[in-house]
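What follows is one structure encoded as structure tokens, with my remarks underneath.
Numbered from 1 within each chain, the chains take letters A, B, ... in sequence-line order.
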Amino acid sequence: MQEMKSLPARYGMLIDLDRCTGCGNCMMACAVENNLAPAHPKADSRTGITWMRVYPVTHGADFPYTDTVYVPMLCQQCEKDTPCIAVCPQNAVDMDPSSGIVGQIPQRCFGCRYCMTACPYHARSFNWWDPQWPEGQEKMLNPDVAPRMRGVVEKCNFCHGRWHAARVKAAAQERKKLEPGEYVPACVESCPTGAILFGDLADPEARLAQAIRGKDVFRFLEKMGTESKVYYRSRKTWVKQMAETNRILSRKDPERS
Amino acid sequence: MPNLLTRRDLLSLAGGSALGLFLSPVPWKLLDDSAIWTQNWSLTPKLPRGPIGYRHTHCTLCPGGCGVKARCVHGLPVSLKGTAGHPRNYGVLCPLGYTAHHLSCHPLRLTQPSRFDGKGPDSRLRQSSLEEILSELTGNPGSAPASSRPGTVAIVEERPGRTLSHIYREFLSRVPGSYYVAAPANEEVTLDHIGQMSSSPSWGFDLENSKTILSFGAPLLDEWGTPGRLTRRFFPQADRDLFLIQVESRRSRTAQQADRYLPLRPGREGILAMGLAQEIIKNNLYPREIPSGQSDWAEFQEMASSFPLPLVAEKTGIAADEIVETARRLAHSSSVVLAGCDPAGGPLDASANRAIACLNVLLGTVGKPGGILPRKEIPGVDTTAITATPLAAIPDYSLHWMLVDSTGSGSVYPMSLLRRKLIPESGKLIYFSTNLTSSAAYADYLIPISASLESLEEVITPPGASTASWSLSVPLMPAKLPSVEPAFFLHKMAEAMKIQDIHFPSAEERFRQRARDIHASERGTVFSPEKETPVKVSDLAQAEELWALLAEGGCWIDDPSPVDMANRFSLGRGMQLWRERCVTQITNTTPSADRLLLIPMGGRGALDTGSVAPILSKLYQESDLRLQGSRILMHPETAAEQGIVSGDNVILHTEIGQAPVIVETDPSIMPGVIYGIVGPESDFPIAGKKPQKQALQAICSLQADGSWRITEARITKV
């Protein structure tokens with residue numbers, strides 16, 4: 001039997017914040033693809049489960065000059081000294097060397113939430129409650145993604161199941177490399193404005209690898225040195241400054257924050 | 001004597017074994033396995049297994065008509081995405097569309113016909129039967145045999161133009177004095193006014209070729225028309241050639257992205273539109289052929305002169321040079337001026353809509369590419385049985401019963417407006433609905449209909465489209481629960497009312513007939529997901545071939561209408577009343593200082609017409625991307641003047657009623673204006689009771705022209 005080994009890749013993203021309209025398509029496509037359950041009645045924005053979450057961020061200027069940008073935030077797939085991998089006592093977080101994807105292994109997780117504390121991007125969610133779907137809806141869940149139970153952490157894995165399926169298809173055709181567009185996460189596919197570009201950072205000819213060398217491209221909290229593989233782009237200076245300083249201006253009054 | 005085992009030996013063995021056990025893999029394997037065993041909890045869903053396939057259909061949650069590609073496992077859809085290359089949505093869906101297949105399992109799904117017993121907040125929902133409901137309705141004076149008293153019943157259809165519309169009209173034509181109300185989508189309001197002024201009744205926006213769009217509040221980049229239609233034009237890969245000007249009283253998603261934003265206080269849209277018209281007329285920026293093509297040109301000029309630039313700038317708060325620049329830009333490119341609100345806000349007032357329509361005529365872009373084009377009707381449309389009546393024209397408190405079909409609607413009338421047409425106490429509202437939503441909870445009788453993707457439906461021309469289209473929404477799953485087809489309900493009603501000689505064909509019979517009508521017209525082409533190029537209808541030998549293409553997810557697109565350059569417009573139709581209203585607006589002083597302006601806000605699906613699946617909690621509950629109902633947005637200064645801060649519970653009062661709401665401050669809202677989020681409500685009625693709180697939309701004031709967008713309000717603290 002001939003062994004087919006794919007070429008290693010480093011999958012990443014570039015999100016154009018000037019194109020994001022905050023429609024929420026990416027959040028819904030992600031939720032459906034990855035079998036996220038509807039919210040528990042007590043869940044809120046801190047305790048809910050959103051692998052991809054779009055944050056409205058306001059400039060703070062007064063009407064009519066108020067500027068709002070919508071920031072899709074997901075696991076940044078940190079490459080260097082990945083904080084969640086470093087702290088997990090269960091080896092429930094692992095980076096796949098063949099794809100660069102930081103994967104969560106729910107079966108090993110016992111819910112200590114060290115990884116959530118360690119993650120500087122708040123990109124992880126904890127199952128505070130048993131996930132429940134309306135009766136009959138389990139027949140319409142995605143069979144490629146295992147559901148998670150109460151007490152474990154979960155996060156974005158760049159639709160790992162789709163990557164596996166693409167690799168199997170490529171291997172069947174005796175190809176070592178995936179074609180562009182052959183592996184696309186659900187959020188990328190759903191974006192109506194083309195704000196999310198996905199690809200292999202290890203391929204210098206890929207559109208993504210070229211795009212991240214362009215102007216106005218940055219990463220959030222770059223100074224932490226995690227070498228995240230999710231890049232952002234915006235021409236707005238205040239957005240880039242926010243990414244550097246992590247100062248997010250809330251829409252709520254100071255008295256309530 | 002042999003060595004005997006001592007107690008010490010036994011203890012050593014036990015201790016050593018215990019120590020050794022921890023050095024062995026046994027306990028660690030047990031721990032690991034117990035973690036895995038506990039994964040198999042009783043609630044673990046059993047994921048579907050079986051062959052994986054793909055099917056194409058169309059979404060019917062709104063009139064947008066998006067093509068959908070469903071990934072199915074063992075015959076049931078597990079995920080949806082937009083059909084690539086579809087001529088309507090270009091592969092894009094909205095958040096509702098991605099979860100349409102979940103709606104059949106909605107926890108508040110109506111299982112059988114139901115009714116509310118009792119009155120007010122103590123009324124309780126109880127299951128009923130079609131026979132019981134029909135028996136009560138036919139005992140109602142409005143349902144007496146056709147020969148008796150007239151003017152007592154109405155059907156409100158919020159997605160007119162379907163083959164079902166013909167059945168509604170036929171039925172009502174046998175009930176003397178009854179009303180058929182066709183609620184047009186917000187996207188079509190400007191087009192309706194142009195139709196009223198011309199000989200062609202039906203028009204569409206050629207946004208695909210426009211160079212400048214002036215939008216009065218229409219959420220073009222956020223749930224307007226068909227998703228994907230404008231986003232692909234506005235966010236191309238290369239430099240775009242579209243300039244968008246957004247006029248609104250908040251920096252909405254569309255206003256954020258627009259090339260120019262003009263902040264305008266609500267209610268002044270007509271003033272700005274006429275001010276732009278006056279600039280165009282004064283500087284002769286209109287095409288030379290315009291005056292000869294318009295009746296009442298002189299009167300229109302005279303009326304426009306009532307809106308001089310300095311006065312318009314003062315009344316609108318928009319700088320004079322911005323108004324001038326906007327007028328010039330509109331005049332020098334293929335431009336479209338359109339009006340709209342999100343579905344919750346309803347249309348602008350009639351005079352503003354008329355002014356905006358006239359502005360389009362003045363610019364000379366009506367009938368030209370990039371502007372507004374005539375649009376033919378789908379073949380087989382028959383509106384002769386009974387003409388539509390505007391809801392505002394129905395006398396208040398006159399109806400014995402009203403049937404409301406809001407499935408897949410583009411706009412939803414506030415329930416207070418509908419109930420105002422019913423005779424108090426005895427008037428009944430019948431509502432077709434899949435779920436017990438907060439809109440349905442205001443009805444007297446609920447008739448359960450099939451959920452999205454459960455039954456064969458048709459998708460008619462999306463609002464605002466420049467050409468007609470028609471497609472099928474092919475069911476992807478069997479109906480989970482018994483449901484009533486609207487035509488069947490009407491059939492039973494006709495039997496009970498002893499109305500004869502009406503044919504009630506099934507949905508499939510009606511759709512096949514329409515396909516035959518389209519085939520016979522030899523018009524248009526059919527997009528098919530399976531074919532690289534569209535197929536001309538005239539190349540199809542038989543109607544069955546057309547049906548087969550449509551059943552596989554195809555979409556019929558009509559040919560563009562020939563443009564009649566001799567089209568004349570009557571700018572002055574209804575001018576007397578319009579002039580009075582506009583002049584009143586321009587001379588009116590600002591509203592009293594302590595009155596705030598309430599604007600209802602909510603996208604499609606937020607109006608609780610049954611299209612919000614539980615998983616949309618990701619947007620509404622588990623993040624703050626979209627706000628839930630019963631919240632108001634206001635500028636921090638406005639809140640401070642009222643002595644409230646973000647998070648406060650307050651009571652919002654209008655002349656209609658009051659509603660408890662939660663305050664959120666937002667600096668992107670114009671001071672003095674409140675945006676009220678109408679839904680989805682976070683507290684669905686439970687245990688069969690009606691909601692205690694009144695929805696925000698229900699306390700909005702209803703104007704004589706049928707609009708409800710602007711209501712004066714005040715706030716008191718709880």
Next item on the list: Count the heavy atoms of every other residue, nucleotide or ligand shown that sit under 6.0 Å from NE2 of A:His122, and state whether that count exceeds 12.
Entry: no

Checklist line | Part of B:Glu637 lying under 4.5 Å from any heavy atom of chain A | finding: side chain

Checklist line | Heavy-atom pairs under 4.5 Å with chain B, option from A:Glu135, A:Arg53, A:Arg46 with the top count | finding: A:Arg53

Check: Between B:Gln256 and chain A, which part of the residue has a heavy atom less than 4.5 Å away: side chain, backbone, both or neither?
Finding: side chain

Checklist line | chain B contact via A:Ala195 - side chain, backbone, both or neither, heavy atoms under 4.5 Å | finding: neither

Next item on the list: Against chain A, work out which of B:Ser617, B:Pro77, B:Pro95 has the most heavy-atom pairs shorter than 4.5 Å and name it.
Entry: B:Pro95

Item checked: Top contributor to chain B interface from A:Ile49, A:Asp18, A:Asn35 [non-hydrogen pairs under 4.5 Å] -> A:Ile49

Next item on the list: Check whether A:Ala186 gets within reach of chain B through its side chain, its backbone, both or neither, counting any heavy atom under 4.5 Å.
Entry: neither

Note to self: Under a 4.5 Å cutoff for heavy-atom pairs, which residue among B:Pro263, B:Ser623, B:Pro107 has the most contacts with chain A?
What the structure shows: B:Ser623

Next item on the list: Check each atom of B:Ile669 against the heavy atoms of chain A and say whether the ones under 4.5 Å are side chain, backbone, both or neither.
Entry: backbone

Check: When rounded to the nearest 0.5 angstrom, what distance separates NE2 in B:His102 from CE in A:Met28?
Finding: 8.0 Å

Margin query: I'd like to know which of A:Pro64, A:Gly136, A:Cys191, A:Gly48 tops the heavy-atom pair count under 4.5 Å against chain B.
Written below: A:Pro64

Notebook entry, point to check: Is chain B contacted by the side chain of A:Asp16, its backbone, both, or neither, given a heavy-atom distance below 4.5 Å?
Noted result: neither

Next item on the list: Name the member of B:Arg49, B:Arg253, B:Arg626 that forms the most heavy-atom pairs with chain A at distances under 4.5 Å.
Entry: B:Arg253

Note to self: Can you give me the closest heavy-atom contact between B:Leu625 and A:Cys23, atom names plus distance?
What the structure shows: CD2-C, 4.4 Å

Next item on the list: Please flag which part of A:Val69 lies under 4.5 Å from any non-hydrogen atom of chain B: side chain, backbone, both or neither.
Entry: neither

Next item on the list: Test B:Cys105 against A:Met140 for side chain to side chain contact (heavy atoms under 4.5 Å, CB included), laying out the working first.
Entry: CA-CA 10 Å; B:Cys105 302; A:Met140 289 186 263; 3.5 Å; yes

Check: Out of B:Cys72, B:Cys94, B:Ser79, B:Gly50, which one racks up the most heavy-atom pairs below 4.5 Å with chain A?
Finding: B:Cys94

Next item on the list: Could you pull out the closest heavy-atom pair between B:Phe235 and A:Thr21, with the gap in Å?
Entry: CZ-CG2, 3.8 Å

Notebook entry, point to check: Taking all non-hydrogen atoms of both residues, which atom of B:Pro671 and which atom of A:Phe63 are closest, and how far apart?
Noted result: CD-CD2, 3.8 Å

Check: Tell me, side chain or backbone of B:Pro614 under 4.5 Å from chain A's heavy atoms, or both, or neither?
Finding: both

Next item on the list: Please flag which part of A:Gln137 lies under 4.5 Å from any non-hydrogen atom of chain B: side chain, backbone, both or neither.
Entry: both

Note to self: At a 4.5 Å cut-off on heavy atoms, which part of B:Thr254 comes close to chain A: side chain, backbone, both, or neither?
What the structure shows: neither

Checklist line | Heavy-atom proximity to chain B below 4.5 Å, by part of A:Phe110 | finding: neither

Next item on the list: To the nearest 0.5 angstrom, please state how far the OH atom of B:Tyr98 sits from the SG atom of A:Cys26.
Entry: 9.5 Å

Notebook entry, point to check: Does B:Gln621 use its side chain to pair, donor to acceptor, with the backbone of A:Ala43 at less than 3.5 Å?
Noted result: yes

Item checked: Minimum heavy-atom distance A:Leu141-B:Pro45, with the two atoms named -> CD1-CB, 3.8 Å

Next item on the list: Given side chain to side chain contact (heavy atoms under 4.5 Å, CB included), test A:Asp62 with B:His635 step by step and report yes or no.
Entry: CA-CA 9 Å; A:Asp62 201 10; B:His635 193 273; 2.3 Å; yes

Next item on the list: List the atom of A:Pro143, the atom of B:Arg71, and the distance in Å for their closest heavy-atom pair.
Entry: CD-NH1, 4.4 Å

Notebook entry, point to check: Counting heavy atoms not belonging to A:Arg235, are there more than 12 under 6.0 Å from its CZ?
Noted result: no

Next item on the list: Kindly determine whether B:Leu47 and A:Lys139 satisfy side chain to side chain contact (heavy atoms under 4.5 Å, CB included), including the steps that lead there.
Entry: CA-CA 6 Å; B:Leu47 296 181; A:Lys139 294 195 185 81; over 6 Å; no

Margin query: Heavy-atom cut-off 4.5 Å, strictly under: side chain, backbone, both or neither for B:Val92 against chain A?
Written below: side chain

Notebook entry, point to check: Counting only heavy atoms not in A:Phe126, do more than 12 sit closer than 6.0 Å to its CZ atom?
Noted result: yes

Next item on the list: Taking all non-hydrogen atoms of both residues into account, name the closest pair between B:Leu93 and A:Asn25 and its distance.
Entry: O-ND2, 2.6 Å

Margin query: With a sphere of 6.0 Å drawn around NZ of A:Lys169, does it hold more than 12 non-hydrogen atoms of other residues, nucleotides or ligands?
Written below: no

Next item on the list: Measure the OG1-CZ distance between A:Thr68 and B:Arg251 for me, rounded to the nearest 0.5 Å.
Entry: 8.0 Å

Notebook entry, point to check: Top residue by heavy-atom pair count (under 4.5 Å) with chain A, among B:Thr231, B:Leu619, B:Leu76?
Noted result: B:Leu619

Check: What part of B:Lys618 is in contact with chain A, defined as an atom under 4.5 angstrom from a non-hydrogen atom: side chain, backbone, both or neither?
Finding: both

Check: Any salt bridge between A:Glu138 and B:Lys46, counting N to O under 4.0 Å?
Finding: no

Item checked: CG on B:Asp666 to OG1 on A:Thr58, rounded to 0.5 Å -> 6.0 Å

